[in-house]
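Worksheet: one structure, shown below.
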Amino acid sequence: MKSLTLSKSQLPFDLNLSLSCGQIFGWKRTRNTWKGVHNGNIVTIRQKGTLIEYDGLTKPDVIRFLGISDPVSDIIKSIREHIIAYKGSPDHFFETMHSKSQGLRILRQHPWECLVSFICSANSNVSTIGKRINLILGRYGTSCTFYENTFPDPAVLSQCKEPELRECLTGYRAPYLIKTAQYIHEHPDFFQQVRKMNYHQAKDMLMILPGVGPKVADCVLLFAFEHLNAVPVDIRIRKIIEDQYASLIHTDKSGKLSYDTIGGFCREYFGPYAGYAQQYLFATRDLEKEEVTKSAELP
DNA sequence: CGCCAGGCTGTAA
DNA sequence: TTACAGCATGGC
C-alpha cells in the first residue's frame, strides 16, 4: 500500500463518509478498508487518522478522486458569506447539518462510470443501486484482476441485449443504458466537449442522452466534472428545501416548486459551492439514522 | 402488504 | 409551460 499524510489545511477529511453518502455506488467496505472501481482500475483505500493508504492508482489521482485538495475552509466560508448576503443572518439549520458532515468531500469520478451509475440510480435506493452496479460489472465489465471487473466500455454496453441487461436489476433503465452507450460510442469526443462547456451548456449536452434528465445531469456535473455549483434535486433535497427554506423563495406561482427553481435558489443562496452545501444537507440524514439506530440498540 | 427510493419519458392540457 | 401516468424492483 502506498500512503500519504493529510496536511492541516486538508483536514477535516472523512473517507468513510465521502464514499458512503450516495455519490458513488458499489464500493465495498470491510472493516475500515474500501474497495471499488475508479477510472478503470480496482482501487483500495483506507484512512487512519491523517494517514491515507491506497492502492490501484497514483498519488495525484487519489488526491483528485477524493477531493483532498479542496479548500474546505474557504468553501464553508464562501457558503456562509453568501447566506449572510442573501438573508442577513446565519443559517442555523445549515450549520447543524454541516457540523454533522464535516470531512465530506465531493468526489471526482470518471465521467462514463458516473454516468452509468446515475442512469441506474433513477427512482431507487442506494443499496439497490450498488447491487445493480456490481451485477453490471460482473456480467459485462472489463476484466481487471482474475475475479474483479471494471466498468464495461460504451462499445460493450451498446451491444448487450436488453432482456439480459434487465437481469442486472436495471428494469426500465436498461434501454436508456444501451441507447446512451450507443450515443457515446458514436461520439467518442462527447465527454471532452462537455468538459469544455460552462455549467448550463454542459447540462443541456448531457440531457441529450436517453435516461439523463436534470437530476442525473447535475449528479454527473457535480461528481465527475467539478461543477461545484451543480445542485442535484432529488426527493430528499426537495423536502429539505421545502421544509427549511420555502419562506425565502419568492414564488409568484402556486403549486410545487420546479426543479430549476430549487436548484437556482440554492445557487443564489449558497453561492458557487452550492453543490458542496447540497451534499452536506444530503449526507446528514444517514448519519442521523445511524445514530438513532445505534442508540435504539443500546440495552 | 403498501410505501418509498439520488427520475425519466411520453402525452395531454 | 405544467401535470401526470407508466415504468421495475429491492428495501423496509
Side-chain angles (χ1 to χ4, degrees), chain A residues 17-27 97 101 104-107 109 113-136 139 161-183 203-225 227-228 230-242 251-264 266 274-290 292-293 296-297:
Chain A
L17 176 59
S18 301
L19 289 178
S20 65
C21 68
Q23 301 186 63
I24 196 163
F25 309 101
W27 279 59
M97 299 295 265
S101 297
L104 170 64
R105 299 306 167 91
I106 299 296
L107 304 177
Q109 300 176 42
E113 296 169 359
C114 187
L115 178 61
V116 170
S117 299
F118 278 95
I119 289 176
C120 286
S121 78
N123 208 25
S124 302
N125 56 56
V126 171
S127 69
T128 301
I129 302 164
K131 288 181 183 174
R132 205 171 271 159
I133 297 300
N134 280 315
L135 286 170
I136 291 173
R139 185 180 284 250
K161 297 294 172 220
E162 184 183 322
E164 206 176 280
L165 184 54
R166 279 177 182 254
E167 292 175 17
C168 299
L169 307 180
T170 53
Y172 60 87
R173 307 158 193 83
Y176 301 153
L177 288 167
I178 294 171
K179 288 181 196 166
T180 286
Q182 285 171 350
Y183 192 94
K203 187 167 176 178
D204 288 342
M205 183 92 168
L206 285 169
M207 287 173 61
I208 291 172
L209 301 169
V212 179
K215 195 286 184 171
V216 170
D218 275 327
C219 286
V220 175
L221 291 170
L222 179 60
F223 302 137
F225 285 103
H227 284 280
L228 301 183
V231 178
V233 181
D234 72 326
I235 294 275
R236 188 189 302 188
I237 290 298
R238 170 177 290 279
K239 280 181 184 157
I240 289 172
I241 298 299
E242 285 174 345
T251 166
D252 42 346
K253 287 171 287 190
S254 63
K256 209 174 81 166
L257 298 174
S258 75
Y259 186 98
D260 287 335
T261 298
I262 293 178
C266 288
Y276 250 100
Q278 172 273 153
Q279 199 60 23
Y280 287 132
L281 296 179
F282 182 90
T284 298
R285 199 178 117 184
D286 291 331
L287 295 178
E288 288 174 343
K289 207 191 268 179
E290 282 177 23
V292 169
T293 307
E297 285 169 353

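All of these numbers come straight from a predicted model, not from anything done at the bench. A, B, ... follow the sequence lines: proteins, then strands. Residue 1 opens every chain.
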Sub-3.5 Å pairs of nitrogen or oxygen atoms, protein against nucleotides 9-13 of chain B:
{"unit_1": "B/dT9", "atom_1": "OP1", "unit_2": "A/G211", "atom_2": "N", "d": "3.1"}

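- Following rounding to the nearest Å, A/R236 (CZ) and B/dG7 (P) show an atom-to-atom distance of 10 Å.
- At whole-Å resolution of the value, CG in A/L19 and P in B/dG6 are 17 Å apart.
- Classified by interplanar angle (parallel below 30°, tilted 30° to 60°, perpendicular above 60°), the ring pair A/Y176/A/Y172 is perpendicular.
- Comparing B/dA5, B/dG6, B/dC8 by their nearest atom to the side chain of A/V216 picks out B/dC8.
- For C/dA8, one of the phosphate oxygens OP1 or OP2 lies less than 4.0 angstrom from a side-chain nitrogen or oxygen of A/R166.
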Could you tabulate the donor-acceptor pairs under 3.5 Å formed by side-chain atoms of residues 207-218 of chain A, not counting sequence neighbours?
{"unit_1": "A/D218", "atom_1": "OD1", "unit_2": "A/Y199", "atom_2": "OH", "d": "2.5"}
{"unit_1": "A/D218", "atom_1": "OD2", "unit_2": "A/K203", "atom_2": "NZ", "d": "2.9"}
{"unit_1": "A/D218", "atom_1": "OD2", "unit_2": "A/Y259", "atom_2": "OH", "d": "2.6"}

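- Taking atom CG on A/N125 and atom P on C/dT9, their separation rounds to 14 Å, with Å as the unit.
- The interatomic distance linking A/R238 (CZ) with B/dC8 (P) rounds to 12 Å, in whole Å.
- With both ends at atom P, the span from C/dG10 to B/dT9 equals 23 Å, rounded to whole Å.
- Side chain of A/V126, nearest nucleotide from B/dG6, B/dA5, C/dG10: B/dG6.
- At the heavy-atom level, A/I237 lies under 4.0 Å from base atoms of the strands shown.
- Using a 4.0 Å heavy-atom distance criterion, A/Q279 is classed as a base contact.
- Rounded to the nearest Å, the gap between the P atom of B/dG6 and that of C/dC4 is 23 Å.
- Between the CG atom of A/L165 and the C1' atom of C/dA8 there is a distance of 13 Å, given to the nearest Å.
- A straight line from CZ of A/R173 to P of C/dG10 spans 11 Å, rounded to a whole angstrom.
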As a quick check of understanding, evaluate side-chain contact (heavy atoms from CB on, under 4.5 Å) for A/D234 and A/F282, giving each step before the final call.
CA-CA 9 Å; A/D234 72 326; A/F282 182 90; 3.2 Å; yes
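- By the side chain to side chain contact (heavy atoms under 4.5 Å, CB included) test, A/E167 pairs with A/R139, sequence neighbours left out.
- Scanning for ring pair (Phe, Tyr, Trp, His ring centres under 6.0 Å) contacts around A/F223 gives A/F118, with sequence neighbours left out.
- With the nearest nucleotide of DNA chain C identified for both A/S127 and A/N123, A/N123 has the one nearer the 5' end.
- Here side-chain hydrogen bond (donor to acceptor under 3.5 Å, both in side chains) pairs that include residues 116-127 of chain A, with residues two or more places apart or in two chains, are A/S124-A/R132, A/S124-A/R173, A/N125-A/S127, A/N125-A/T128.
- Distance, A/I241 CD1 to B/dG6 C1': 14 Å, rounded to whole Å.
- Residue ring and base: A/F118 does not count as stacked with B/dG6 (centre distance below 5.5 Å and interplanar angle below 30° not both satisfied).
- Here B/dG6 presents its P atom at 16 Å from CG of A/L222, a figure rounded to the nearest Å.
- Using a 4.0 Å heavy-atom criterion, one finds that A/S124 contacts the bases of the nucleic acid, with or without backbone contacts as well.
- With sequence neighbours left out, A/R238 forms a salt bridge (charged side-chain N to carboxylate O under 4.0 Å, His left out) with A/E242.
- For A/K239 and B/dA5, the shortest distance from a side-chain N or O to OP1 or OP2 is below 4.0 Å.
- For the pair A/I136/A/L165, a side-chain contact is recorded, criterion being any heavy-atom separation below 4.5 Å from C-beta on.
- If you check every strand for non-hydrogen atoms under 4.0 Å, A/Y259 touches nothing.
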